[in-house]
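Just below is one structure, and these are the notes that go with it.
Atoms within each ligand, like the ligands themselves, are counted from 1 in listed order. Below, all heavy atoms of this structure are taken into account, side chains as well, without hydrogens, waters or symmetry copies.
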Amino acid sequence: MGNYEENYLNKRPQHLCHMCGKCCRVVTTSIPYNKLQEMAKNNDKGAKDFLSLFVPFSSIDEARNVDAEIVDNIINRLKEDENYKEDEITFYTCKYLQDNNLCSRYETRLDLCKHCPSSPWVIVPPGCGFEGWLFWQREEIKQKIRRSKEELLELKLLKMRTNDEEALQKIVAVENKILKNIDYYKKYGSENW
Ligand code: SF4
Ligand code: SF4
């Protein structure tokens, strides 16, 4: 199966990055700001790292003044989620980004910077060099999930034809592994692929 590094991070073609700095200039998180602060207080590494770099804008309009295209792109995408709440969204900017779009601490940048864009489903700024590649990564995962669903049907038939208890247990174990994988992508809509 492979891990996150093997399946995703190491495959990312870094040359696709235009070094435009947009993903450092205006960003948001799926976790509300107050929750992030709480997590940081409780020593959550991800929250602490993020807040050590990113400074919140005082309002969505302030972020819009810096780059309205990025803000509106993010908001439009988030609105697709029925649980979307505008008052829970905070935009941030990185204090280490320079006016020339380059990072002032590139050599010591954190893993969260090195991992950006960190998943095929991350919302990247319009024009980001990874847009097309991320699209194909999502399609590849969807294909795998569709194949897994076909395998589930085959396993179901196999179960009906098997009386051997040991064989049945093995089939159930494989089924559970497949179901777990499908469930992992549920938040991205795997039930409908
Ligand atoms: S927005 Fe995309 S292309 Fe621009 S710096 Fe970030 S990763 Fe690179
Ligand atoms: S530290 Fe550098 S790479 Fe990381 S978000 Fe800030 S400007 Fe971008």
Side-chain angles (χ1 to χ4, degrees), residues 2-81 84 86 88-142 185 187-188:
N3 56 26
Y4 174 58
E5 275 78 14
E6 287 161 356
N7 285 341
Y8 176 75
L9 279 186
N10 299 345
K11 290 200 301 185
R12 271 179 334 167
Q14 267 321 112
H15 68 274
L16 293 177
C17 180
H18 304 317
M19 313 265 280
C20 63
K22 288 181 180 178
C23 56
C24 312
R25 181 156 289 115
V26 180
V27 305
T28 190
T29 57
S30 54
I31 300 169
Y33 183 41
N34 57 358
K35 176 85 180 145
L36 269 183
Q37 288 175 307
E38 199 184 306
M39 288 164 69
K41 265 189 209 151
N42 291 323
N43 266 331
D44 180 276
K45 187 176 178 330
K48 276 171 78 175
D49 283 355
F50 182 85
L51 293 175
S52 73
L53 307 178
F54 286 95
V55 182
F57 287 106
S58 60
S59 65
I60 292 180
D61 280 340
E62 194 192 3
R64 226 180 231 118
N65 286 339
V66 173
D67 197 319
E69 198 185 16
I70 297 179
V71 170
D72 291 334
N73 179 55
I74 290 174
I75 289 181
N76 288 338
R77 289 281 299 280
L78 294 177
K79 276 182 178 168
E80 291 168 11
D81 185 338
Y84 168 78
E86 186 151 314
E88 285 189 356
I89 295 182
T90 301
F91 284 91
Y92 309 81
T93 191
C94 179
K95 57 189 172 197
Y96 296 104
L97 183 67
Q98 303 174 113
D99 290 343
N100 62 2
N101 296 329
L102 297 180
C103 174
S104 62
R105 51 169 295 181
Y106 187 77
E107 295 305 326
T108 61
R109 71 197 190 288
L110 304 181
D111 279 349
L112 75 88
C113 309
K114 292 178 191 162
H115 292 177
C116 177
S118 60
S119 109
W121 275 272
V122 85
I123 305 174
V124 290
C128 168
F130 286 98
E131 269 180 322
W133 185 79
L134 292 172
F135 171 81
W136 286 114
Q137 291 303 300
R138 294 193 294 274
E139 291 305 304
E140 215 171 86
I141 292 168
K142 287 179 191 175
Y185 291 102
K187 56 181 178 273
Y188 306 117

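Under a 4.0 Å heavy-atom criterion, F54 is in contact with ligand 2. By the 4.0 Å heavy-atom criterion, G21 is counted among the residues contacting ligand 1.
The nearest protein atom to atom 6 (Fe) of ligand 2, hydrogens excluded, is given as C94 SG, 2.2 Å; this is a heavy-atom distance. From the protein, the heavy atom lying nearest to atom 8 (Fe) of ligand 1 is C17 SG, 2.4 Å. At the shortest separation from atom 3 (S) of ligand 2 among protein heavy atoms lies C113 CB, 3.6 Å.
Every atom of ligand 1 is numbered from 1 in the order shown, and the set under 4.0 Å from a heavy atom of C128 is 1 (S), 2 (Fe), 3 (S), 7 (S). Proximity to L97 (heavy-atom distance under 4.0 Å) selects the following atoms of ligand 2: 7 (S). The contact set between ligand 1 and P125, taken as ligand atoms under 4.0 Å from a residue heavy atom, comprises 1 (S). Counting the atoms of ligand 2 from 1 in the order shown, those under 4.0 Å from a heavy atom of C24 are 5 (S), 7 (S), 8 (Fe). For ligand 1, the atoms sitting less than 4.0 Å from at least one non-hydrogen atom of F130 are 7 (S), numbered in the order shown with element in parentheses.
T93 places a side-chain N or O within donor-acceptor distance of the main-chain N or O of R25, the cut-off being under 3.5 Å.
Residue C20: an N/O/S atom is found under 2.8 Å from atom 4 (Fe) of ligand 1. Taking backbone and side chain together, C103 holds no N, O or S atom under 2.8 Å from atom 8 (Fe) of ligand 2.
Under 4.0 angstrom from ligand 1, the non-hydrogen atoms of C23 come from both its backbone and its side chain.
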